[in-house]
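One structure is given below, encoded as structure tokens.
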Amino acid sequence: MTDPEPTLRGQELGEQLRRLRVAASLTLAEAGERIDASSSKLSRIECGKRCARVEDVAALLALYDVTGDRRARLLALAREVDRRGWWQPFHPDHDERLRTLLKLEAEASGIVDFQATHVPDLLQTTEYARALLTESEMLTEREIRQLVTTRKRRRARLRGEPSPTLLAITTEPALRYTVGGVPVQRRQLDHLLRMSTRRGVTLLVVPNSSRSNVGWTGSFSMFARSRPPTVVFVDHLTSHLFLEDDSDVETYERAVDRLVDAALDTGESAAFIARIAKELE
């Protein structure tokens, strides 16, 4: 019998179980022997290639001495491991709530990032990111520091080897909105121009003169990986939404096509950004 198509939930569950096993200093064979399962079965579970039974997960959590809220969350994940698409409410722990997003970016061979109201996250300067988060007036200083640090880590992915390709799409209003004051915005635009020349980075701007209404899509990111599924990420105020169903992904792929059609080409986009930057002088 072949294993079902992997899901994001299954991969997340498997990764957490792997971390717990390593923390318990157990090999796959040792953990399997304790719960009467083969090491190959546990390996497929940890790789997200096999839907783990709730009973197996409960046995593993007992073996790894996991209790309380964490046990409840992982068992809930196991009960829904075959479901595609994942609404993920914010976890109070900063690293925990962003782990899935960071893992997707780390594994991505190609990233699409469309932001209608601000500069795409992976192309933000540190001072722009801090000003943007501060001006929202929705976050504590501690949360702002954590998010700024996380965005710096995410940007470093573009300097790695191998680095993913990035198609970053933004809009004229996002470029004209002055975040953090004129000097901050000007340096951000200059940074965009530098990044637009980097290998693997494609930066496009949808101007106000475009006849295509791009606002209906809302902002989103898409991650293509060497292993399925391709995942669409939508960031909400109090939660994250990960879409992996084929029909959802295809809809967003069509949205990307429309955005590219509505945007200026790479050379025109760079010239457009330079013109806006000059207007800030």
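Please read all numbers here as calculations on a predicted model, not as lab measurements.
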Checking Leu158 against Leu123 for the side-chain contact (heavy atoms from CB on, under 4.5 Å) test, could you report, in this order, the C-alpha distance in whole Å, the side-chain angles of both residues, the deciding distance, and whether it holds?
CA-CA 9 Å; Leu158 297 179; Leu123 298 182; 4.3 Å; yes
Which pairs count as salt bridge (charged side-chain N to carboxylate O under 4.0 Å, His left out) when at least one residue sits in residues 163-178, sequence neighbours excluded?
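Checked against salt bridge (charged side-chain N to carboxylate O under 4.0 Å, His left out) - neighbours excluded - the pairs reaching residues 163-178 are Glu172-Arg176, Arg176-Glu279.
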Return the minimal non-hydrogen interatomic distance between [X] and [Y], and the atom names on each side.
X      : Y      : result
Leu17  : Ile45  : CD1-CG2, 3.9 Å
Leu189 : Ile273 : O-CG2, 3.8 Å
Gln115 : Ser221 : NE2-OG, 4.5 Å
Ser219 : Ala116 : OG-N, 3.0 Å
Arg71  : Ala58  : NH2-CB, 4.4 Å

Take Arg254 and Asp257 through the test salt bridge (charged side-chain N to carboxylate O under 4.0 Å, His left out) and record every step on the way to the result.
CA-CA 5 Å; Arg254 290 197 300 273; Asp257 289 340; over 6 Å; no
Are Val22 and Val57 connected, step by step, through hydrophobic side chains (Ile, Leu, Val, Met, Phe, Trp, Tyr) whose heavy atoms are closer than 4.5 Å?
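No, it is not one cluster - the side chains of Val22 and Val57 are not joined through contacts under 4.5 Å.
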Set of side chain to side chain contact (heavy atoms under 4.5 Å, CB included) partners for Thr134, sequence neighbours left out:
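Partners of Thr134 under the side chain to side chain contact (heavy atoms under 4.5 Å, CB included) test: Arg130, Ile144.
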Heavy-atom distance under 4.5 Å between the side chains of His118 and Gln124, does that happen here?
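Of all side-chain heavy-atom pairs linking Gln124 with His118, at least one is under 4.5 Å.
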I'd like to check Thr170 versus Val206 (side-chain heavy atoms, cut-off strictly below 4.5 Å). Are they in contact?
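Not touching, per the 4.5 Å side-chain cut-off.
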Return a table of donor-acceptor pairs under 3.5 angstrom between the side chains of residues 191-203 and protein atoms on other chains or two or more places apart.
{"from": "Ser196", "atom 1": "OG", "to": "Leu193", "atom 2": "O", "distance (Å)": "2.6"}
{"from": "Thr197", "atom 1": "OG1", "to": "Arg194", "atom 2": "O", "distance (Å)": "2.7"}

Just by distance, no angles: are the side chains of Thr126 and Arg151 close enough, under 3.5 Å, to form a donor-acceptor pair?
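The answer is no; no qualifying pair exists.
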In a check of side chain to side chain contact (heavy atoms under 4.5 Å, CB included) between Leu20 and each of Leu60, Leu74, Leu63, which one passes?
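Of all the options given, the one that passes is Leu74.
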CZ-CD distance between Arg70 and Gln16, expressed to the nearest 0.5 angstrom
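So the CZ of Arg70 and the CD of Gln16 are separated by 6.0 Å.
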How long is the straight-line distance from CD of Glu33 back to CG of Leu26, given to the nearest 0.5 Å?
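Going from CG on Leu26 over to CD on Glu33, the span is 10.5 Å.
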Hey, would you say the Phe220 and Phe233 ring centroids sit under 6.0 Å apart?
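No, ring centres 6.0 Å or more apart.
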Let me see the working for Asp56 and Lys41 under salt bridge (charged side-chain N to carboxylate O under 4.0 Å, His left out), right down to the final yes or no.
CA-CA 10 Å; Asp56 291 332; Lys41 174 181 177 179; 2.9 Å; yes
Should Glu12 and Arg99 count as an ion pair when the cut-off is N to O under 4.0 Å?
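Salt bridge between Glu12 and Arg99, a charged N being under 4.0 Å from a carboxylate O: yes.
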Tell me whether Glu105 is salt-bridged to Arg154, with the criterion being a basic N under 4.0 Å from an acidic carboxylate O.
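Here Glu105 pairs with Arg154 in a salt bridge, since their nearest N and O are under 4.0 Å apart.
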